[in-house]
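Since the model is a prediction, treat every value here as computed from it, not as a measurement.
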Amino acid sequence: MSKLLILGAGGHGKVIAETALATGQWEQIAFLDDRKELEEVAGIPIVGKLNSYTSFREEFQHIFVAIGNNKLRLEWIERLSKAGFIIPVIIHPFSFVSKTSNIDEGTVVMAGAVINANTNIGRGCIINTSASIDHDCTLEDGVHISPGVHIGGTVNIGKCTWVCIGSSVANNTTIGKNVIIAAGAAVTKNIPDNVMFAGVPAVFKKRME
């Protein structure tokens, strides 16, 4: 048993904390957050600001980044890794993760999620509540799969892409990096980098910077 420090005490941070508690791996959990008015969230103390992480290196061996912004989350993971923290994978006990899948550090798998055979998930990803990812998929670093998303088999999703709530992606499809797939969209064809797609079937909406 050990202690876990979580960066970010917003809504996502609350769910990360509850997921971590459900695993039974940590005897104590605390937050770092920059909001001055907060002293605790959901009964878990806020012990410092985000940039105070170095002062907790001896007390907390494990640290997790609960920041929704994909790029910022990866930046923090890199910074904390260099500082010598262990960045775990957190998997809710009420999810299913195939033994033949691979999940990199800093990724969370929320309650009800399913990850099937031979799927590779990168660093700092979010596999959110009741999402499903079928066989032989590859998700690069910083991907967010929102609640209720369904990903077919042999799908590739690029770095820092956000697949929004309730959307679906057909088998044998490639989605580029820094893409937003809008809520409820149905992706049926390959999508390039740096765009937003929406609708059923999903179509181009705008370029992303």
Side-chain angles (χ1 to χ4, degrees), residues 12 15-16 19-20 22-23 64-71 73-74 77 87-208:
H12 182 51
V15 183
I16 294 289
T19 301
T23 70
F64 200 88
V65 182
I67 294 173
N69 182 289
N70 293 333
K71 292 180 181 178
R73 186 169 63 255
L74 290 181
I77 289 172
I87 302 172
V89 174
I90 299 178
I91 300 175
H92 199 286
F94 296 150
S95 63
F96 172 79
V97 178
S98 168
K99 292 180 180 179
T100 62
S101 66
N102 294 294
I103 301 176
D104 209 344
E105 66 178 2
T107 287
V108 62
V109 180
M110 302 295 199
V114 174
I115 299 172
N116 277 329
N118 297 316
T119 284
N120 293 299
I121 296 177
R123 190 186 208 193
C125 292
I126 302 170
I127 312 302
N128 224 316
T129 310
S130 297
S132 66
I133 302 172
D134 215 339
H135 62 87
D136 300 297
C137 291
T138 298
L139 277 61
E140 295 182 6
D141 296 348
V143 168
H144 182 180
I145 303 299
S146 295
V149 168
H150 298 299
I151 308 294
T154 322
V155 169
N156 296 304
I157 300 178
K159 186 175 181 179
C160 291
T161 282
W162 180 16
V163 185
C164 295
I165 191 166
S167 55
S168 60
V169 181
N171 291 358
N172 307 312
T173 304
T174 295
I175 298 174
K177 65 183 180 181
N178 192 37
V179 169
I180 294 177
I181 304 300
V187 176
T188 59
K189 62 182 180 180
N190 293 345
I191 292 177
D193 297 343
N194 304 307
V195 293
M196 175 187 281
F197 267 56
V200 180
V203 296
F204 172 81
K205 290 297 181 179
K206 65 177 182 178
R207 295 285 302 174
M208 305 297 296

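- If you take CD1 on Ile181 and CH2 on Trp162, they are separated by 12.0 Å, rounding to the nearest 0.5 Å.
- A donor-acceptor pair under 3.5 Å is formed between the side chain of Glu140 and the backbone N or O of Lys159.
- Atom-to-atom distance recorded for Thr161:OG1 and Asn70:CG is 8.0 Å, nearest 0.5 angstrom.
- Applying the side chain to side chain contact (heavy atoms under 4.5 Å, CB included) criterion to Val195, with sequence neighbours excluded, gives Val179, Ile191, Pro192, Phe197, Phe204, Arg207.
- Screening residues 108-134 for side chain to side chain donor-acceptor pair (under 3.5 Å) gives Glu78-Arg123, Asn102-Asn120, Glu105-Arg123, Asn116-Asp134, Asn128-His144, Ser132-His150 as the qualifying pairs, with residues at least two apart or on separate chains.
- Between the side chain of Asp136 and the backbone N or O of Gly153, no donor-acceptor pair lies under 3.5 Å.
- Partners of Asp141 by side-chain hydrogen bond (donor to acceptor under 3.5 Å, both in side chains), not counting sequence neighbours: none found.
- Looking only at distances, a side-chain donor or acceptor of Thr173 sits under 3.5 Å from a matching main-chain atom of Asn171.
- Judged by distance alone, the side chain of Thr19 and the main-chain N or O of Val109 form no donor-acceptor pair under 3.5 Å.
- Note on residues 185-205: pairs passing side chain to side chain donor-acceptor pair (under 3.5 Å), not counting sequence neighbours, are Asn178-Asn194.
- Distance check: Ile180 CD1 to Lys206 NZ gives 7.0 Å after rounding to the nearest 0.5 Å.
- Taken to the nearest 0.5 Å, the CD1 atom of Ile133 stands 10.5 Å off from the OG1 atom of Thr138.
- Among residues two or more places apart in sequence or in another chain, the side-chain hydrogen bond (donor to acceptor under 3.5 Å, both in side chains) test is passed with Thr174 by none.
- Judged as a ring pair (Phe, Tyr, Trp, His ring centres under 6.0 Å), and not counting sequence neighbours, the contacts of Phe94 are His92.
- In terms of modelled atom types and a separation under 3.5 Å, the side chain of Thr107 and the main chain of Cys125 share a donor-acceptor contact.
- Ser146 places a side-chain N or O within donor-acceptor distance of the main-chain N or O of Val163, the cut-off being under 3.5 Å.
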